[in-house]
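Just below is one structure, and these are the notes that go with it.
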Amino acid sequence: MSEPLLEIDDLTITFPGGKGQWPWQRQPDVRAVQQASLSIDPGETVGLVGESGSGKTTIGRAVLRFIQPASGTIRLGEFDVTGFGRTVPSPYRRAVQVVFQDPVGSLNPSMVVGDIIGEPLQIHFGMDASAREQRAGDLLEQVGLERHHLERYPYEFSGGQRQRIAVARALATEPRLLVLDEPVSALDTSTQSQVINLLDQLQRETGVAYLFIAHDLAVVRHISDRIAVMYHSRIVEQGESDLLCEEPRHPYTDLLLASIPDPDPVIQPGKSQRRRELTVGGELGATGNAPEQGCPFANRCAHVMDVCHDQFPEPFPFESGGEVRCHLHTTGPKLEGRPLRALATPTG
Ligand SMILES: Nc1ncnc2c1ncn2[C@@H]1O[C@H](COP(=O)(O)OP(=O)(O)OP(=O)(O)O)[C@@H](O)[C@H]1O
Ligand SMILES: [Mg+2]
């Protein structure tokens with residue numbers, strides 16, 4: 001087996017709390033990510049899913065070294081990312097690139113596409129103007145656009161086309177890892193699948209690995225080899241994509257799956273029913289700061305036990321290479337890595 005490309009180990013990230021009610025008061029620090037471990041192999045796609053505020057973007061930003069974690073380590077190939085000082089080495093900037101959700105905000109509106117894609121070519125390869133034009137044109141064609149688009153401004157393109165330009169710019173440095181933070185969430189469904197197919201194809205052509213962040217499990221499943229599920233600062237389950245979606249081990253993964261709307265009118269009511277069974281305390285997402293000790297899902301979990309409020313469980317590995325962090329697997333019913341459906345529920 002090959003060495004992982006990216007290794008995130010026991011990562012904790014906090015943000016300073018805001019002002020309190022009185023000038024001398026401060027809110028407690030925000031626990032954005034706690035004890036997260038995740039790896040990505042060369043050329044692999046790992047999806048990171050979870051509801052809004054669960055910490056997905058924060059993990060992505062730590063990998064890009066836009067923020068420094070409170071504890072834990074991040075390693076990419078030969079780079080000790082958490083060991084970097086104030087300045088991030090240029091070879092690392094080259095090795096890890098990012099595409100954001102909003103292609104309008106992330107492309108400089110006053111630059112033509114040729115200059116947008118040309119910039120990293122100049123910075124990282126020192127290419128002269130004609131070499132940049134040649135290479136930028138090649139990259140545009142690779143993402144399904146045309147050479148003459150080099151002369152145009154971002155506003156002249158549709159949302160999907162702008163996202164293709166953002167991908168071309170990211171690939172210009174020939175990165176080993178691309179962090180894709182909700183890259184298709186702002187696009188309509190048919191454009192979404194075109195961009196996803198393009199990303200798939202580009203990965204086959206270039207061997208780049210993806211950390212694919214999204215809140216929509218249906219989108220993530222399609223493109224990912226493996227998926228990590230986050231809930232309120234914690235990675236609660238990770239494993240091979242199809243297996244995780246067909247045989248969830250964590251009650252939150254189960255809930256996330258039941259939350260995917262099904263176009264089939266026969267299946268959909270069953271899913272809504274399942275979602276109600278799985279949720280206690282309403283369908284609202286996590287609120288407030290994540291607990292430091294217990295499982296953050298405890299208040300919503302239909303299977304909650306006393307221990308869940310006191311202690312966040314250690315990872316329980318299962319045979320297919322995945323792992324789950326849930327007391328159901330170690331205490332009480334002792335699922336021991338078996339799918340959640342092995343549990344006898346009151347409704348059968
Ligand atoms: N710069 C910051 N300062 C303070 N708190 C922050 C900061 N950035 C993120 N947070 C908090 O950290 C938590 C995780 O945020 P993050 O943006 O990583 O979530 P997310 O999973 O990407 O959500 P979304 O799906 O909405 O993008 C949230 O509670 C958020 O409010
Ligand atoms: Mg986010």
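All ligand and atom numbering here is 1-based and tracks the order in the structure. Worth knowing before you read on, the calculation uses all heavy atoms, side chains too, and leaves out hydrogens, waters and symmetry mates.
Looking at atom 6 (C) of ligand 1, its nearest protein heavy atom turns out to be Phe15 CD1, 3.2 Å. What sits closest to atom 23 (O) of ligand 1 on the protein, heavy atoms only, is Gly53 N, 2.7 Å. Counting protein heavy atoms only, atom 27 (O) of ligand 1 is closest to Thr57 OG1, 3.8 Å.
For ligand 1, the polar-atom distance check against Ala32 finds no nitrogen or oxygen pair separated by under 3.5 Å. Taking only nitrogen or oxygen atoms, main chain and side chain alike, Gly50 does not reach within less than 3.5 Å of ligand 1. Taking distance alone, with nitrogen or oxygen atoms compared against 3.5 Å, Ser52 approaches ligand 1 more closely than that limit. Checked by distance only, ligand 1 and Ser54 come closer than 3.5 Å through their nitrogen or oxygen atoms.
A heavy-atom distance below 4.5 Å is not found between the side chains of Val112 and Glu151.
The proximity of Lys56 to ligand 1, defined as any non-hydrogen pair under 4.0 Å, involves the side chain as well as the backbone.
Among the atoms of Ser52, no N, O or S atom is found under 2.8 Å from the Mg ion (ligand 2).
Annotation: cation-pi pair Arg65/Tyr92 absent, no NZ/CZ under 6.0 Å from the ring centroid and within 45° of its normal.
In summary, Arg249 and Glu319 engage in a salt bridge, as defined by a charged side-chain N under 4.0 Å from a carboxylate O. A salt bridge is defined here as a Lys NZ or Arg NE, NH1 or NH2 lying under 4.0 Å from an Asp or Glu carboxylate O, and Arg152 with Glu146 fails to meet this definition.
Proximity to Thr58 (heavy-atom distance under 4.0 Å) selects the following atoms of ligand 1: 14 (C), 15 (O), 16 (P), 18 (O). Close approach of ligand 1 to Glu182 is summarised as follows: ligand atoms under 4.0 Å from at least one heavy atom of the residue are 25 (O).
Checking Glu237 against Thr253 by side-chain atom types alone, a donor-acceptor pair falls below 3.5 Å.
From His250, atom NE2 reaches atom NE2 of His303 across 10.0 Å, with rounding to the nearest 0.5 Å.
Checking side-chain atoms of Glu182 against main-chain N and O of Ser185 turns up no donor-acceptor pair under 3.5 Å. Side chain of Arg338 to main chain of Leu335: a donor-acceptor pair is present (N/O by atom type, distance under 3.5 Å, no hydrogens or angles).
Under the 4.0 Å distance rule, the nearest protein heavy atom to atom 30 (C) of ligand 1 falls outside the cut-off.
Contact annotation: Met230 has no heavy atom less than 4.0 Å from any atom of ligand 1.
The aromatic ring centroids of Phe318 and His329 lie 6.0 Å or more from each other.
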